[in-house]
Amino acid sequence: MSANPFLDPTLVHGDLYQGDGRLADRTHALHRAKISGSDAADTIADLLAARVPAGAAVLDIGCGRGTTTLRLAYRLRPRRLIAVDASTALLRTTRDRLGDAGPLGSVVCADFHHLPLPDSVVDAAVAAFCLYHSPTPELVVAEITRCLRPGGTAVLVTKSLDSYAELDHLVHAADLDPHATRRSSLYESFHSGNLHTIVATKLTVIDIQHEEHVFHFADATHLARYLITTPKYRITLTGGIPALAAALQQRLPAPPYATRSTVSYAVAVRP
Ligand SMILES: C[S@@+](CC[C@H](N)C(=O)[O-])C[C@H]1O[C@@H](n2cnc3c(N)ncnc32)[C@H](O)[C@@H]1O
């Protein structure tokens, strides 16, 4: 078992993404807290729209609940859209959300280290917020490169190592996890700082963009809703969200509780 929960296969292919609820709750709590920073799915679609003609074949790996997939479907109007994920539950959600765009889309359950696609079949590929689940992200970049046609474009997206570090201090200050500030970043295998190097192992990087996102959790219940979904902390308190919210309210200064994350985008082409 890896010390980093985002690299622990039992957790990644189990509690974290086996069902749709935990990811949906985490995303919802974060979106509600966001006070600055663009919508990542919009940014990815913008980056590709400038480079990919209508009628292209597009691959979205680690598609999760399909938030980016859906945006790609409507913005790029691809001829073919293939969404890959290791979680059948999340692929079901993606397929349902694709709805009207469904006929052009297919969902495929696979490990992104071994994409079940022939060589050189897609014009564009996206890997958003998922390569930090691989201990060897350069192998996934190699797979993406194999599937791209020469000249095809990939957009790879991740977060900075220090994302949400302020929450480590809040969890520690609230006496909920004495080691909260000493745990390694969830994003340690693929992050803003090594994005360029890892992508450049196989692709030609043409642009890297970093954007800071700022979050204000309005009250203790809102913060508890987020904390309960993240595997970073070992919070032993029982009683779920109400008990966690009560502890945070008692032990921390008044809200809002602020944190930040840098979201980084690499745009790269297959030589
Ligand atoms: C945070 S979610 C991605 C969200 C999505 N890309 C988006 O933009 O909304 C991370 C996803 O990576 C998937 N994943 C993790 N390890 C994987 C692997 N080895 N192969 C395929 N998918 C994997 C998880 O199942 C999960 O759906």
Side-chain angles (χ1 to χ4, degrees), residues 2 4-31 34 37-48 58-76 81-98 105 107-117 124-144 147 154-159 163-164 185-191 211 213 226 229-232 261 263-266:
S2 169
N4 182 336
F6 265 18
L7 292 173
D8 177 357
T10 313
L11 195 60
V12 171
H13 302 299
D15 280 357
L16 261 190
Y17 299 121
Q18 209 164 41
D20 162 82
R22 186 166 174 167
L23 180 57
D25 289 350
R26 184 163 79 232
T27 308
H28 184 65
L30 262 185
H31 280 181
K34 189 152 93 174
S38 316
D39 180 89
D42 271 343
T43 305
I44 294 165
D46 286 346
L47 290 168
L48 279 176
V58 177
L59 171 66
D60 182 19
I61 75 160
C63 65
R65 303 182 65 254
T67 305
T68 300
T69 321
L70 205 59
R71 208 64 51 86
L72 296 173
Y74 286 104
R75 286 285 306 285
L76 301 183
L81 178 59
I82 309 151
V84 174
D85 202 279
S87 163
T88 49
L90 295 179
L91 285 172
R92 251 194 314 274
T93 302
T94 296
R95 197 188 49 214
D96 292 347
R97 291 179 80 196
L98 273 173
V107 297
V108 178
C109 187
D111 184 330
F112 50 42
H113 298 90
H114 307 283
L115 294 171
L117 294 171
V126 171
F129 309 115
C130 58
L131 293 201
Y132 41 64
H133 290 304
S134 170
T136 52
E138 64 283 0
L139 297 186
V140 189
V141 171
E143 268 299 84
I144 291 172
C147 296
V155 175
L156 299 101
V157 188
T158 190
K159 300 185 185 187
S163 291
Y164 318 115
S185 170
L186 292 174
Y187 312 105
E188 67 180 338
S189 81
F190 188 68
H191 54 84
E211 188 190 23
H213 290 210
Y226 175 74
T229 68
T230 166
K232 184 165 190 183
S261 164
V263 177
S264 300
Y265 304 83

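First listed ligand is number 1; within each ligand, the first listed atom is number 1.
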Original post:
Between His133 and Phe112, is the ring centre distance below 6.0 Å?
Top reply: no
**OP:** With heavy atoms under 4.0 Å as the rule, classify the contact between Cys63 and ligand 1 as side chain, backbone, both or neither.
**Re:** backbone
**OP:** Heavy-atom distances under 4.0 Å are what count here, so tell me which part of Phe112 touches ligand 1: side chain, backbone, both or neither.
**Re:** both
Original post:
Around atom NE2 of His28, are there more than 12 heavy atoms of other residues, nucleotides or ligands at under 6.0 Å?
Top reply: no
Original post:
Starting from atom 22 (N) of ligand 1, which protein heavy atom do you reach first, and at what distance in Å?
Top reply: Ala86 N, 3.2 Å
Subject >> Distance-only N or O hit between ligand 1 and Leu90, under 3.5 Å >> reply: no
Original post:
Nearest protein heavy-atom contact for atom 9 (O) of ligand 1: which residue, which atom, what distance?
Top reply: Thr67 CB, 3.8 Å
Subject >> Nearest-option assignment for atom 21 (C) of ligand 1, heavy atoms, candidates Ala110, Cys130, Ala128, Gly62 >> reply: Ala110
Subject >> Ser185 backbone acceptor or donor facing Asn4 side chain under 3.5 Å >> reply: yes
**OP:** Look only at interatomic distance and state if Asp111 has a nitrogen or oxygen under 3.5 Å from any nitrogen or oxygen of ligand 1.
**Re:** yes
**OP:** Would you check if Leu47 and Thr43 make a side-chain contact, meaning some heavy-atom pair closer than 4.5 Å?
**Re:** yes
Subject >> Partners passing side chain to side chain donor-acceptor pair (under 3.5 Å) against Glu143 (at least two apart in sequence or in another chain) >> reply: Arg146
Original post:
Relative to ligand 1, is Asp60 under 4.0 angstrom through side chain, backbone, both or neither, heavy atoms considered?
Top reply: neither
Original post:
Would you say ligand 1 has an N or O under 3.5 Å from any N or O of Thr68?
Top reply: yes
Original post:
Of Thr69, Leu70, Val107, which is the lone residue that meets side-chain contact (heavy atoms from CB on, under 4.5 Å) with Leu81?
Top reply: Thr69
Original post:
So which pairs with a foot in residues 11-31 pass salt bridge (Lys or Arg N to Asp or Glu O under 4.0 Å), sequence neighbours left out?
Top reply: Asp20-Arg65
Subject >> Pair Lys159-Tyr164, side-chain donor/acceptor within less than 3.5 Å >> reply: yes
Original post:
If you measure every N/O of Asp85 against every N/O of ligand 1, is any gap under 3.5 Å?
Top reply: yes
Subject >> Non-hydrogen atoms of Ala45 and Leu72 that approach each other most closely >> reply: CA-CD2, 4.3 Å
Original post:
Which ligand 1 atoms are under 4.0 Å away from a heavy-atom of Gly64?
Top reply: 27 (O)
Original post:
In the protein, what heavy atom is nearest to atom 2 (S) of ligand 1, and what distance, to one decimal place, separates them?
Top reply: Phe129 O, 3.9 Å
Subject >> Contact atoms of ligand 1, heavy-atom distance to Val12 under 4.0 Å >> reply: 15 (C), 16 (N)
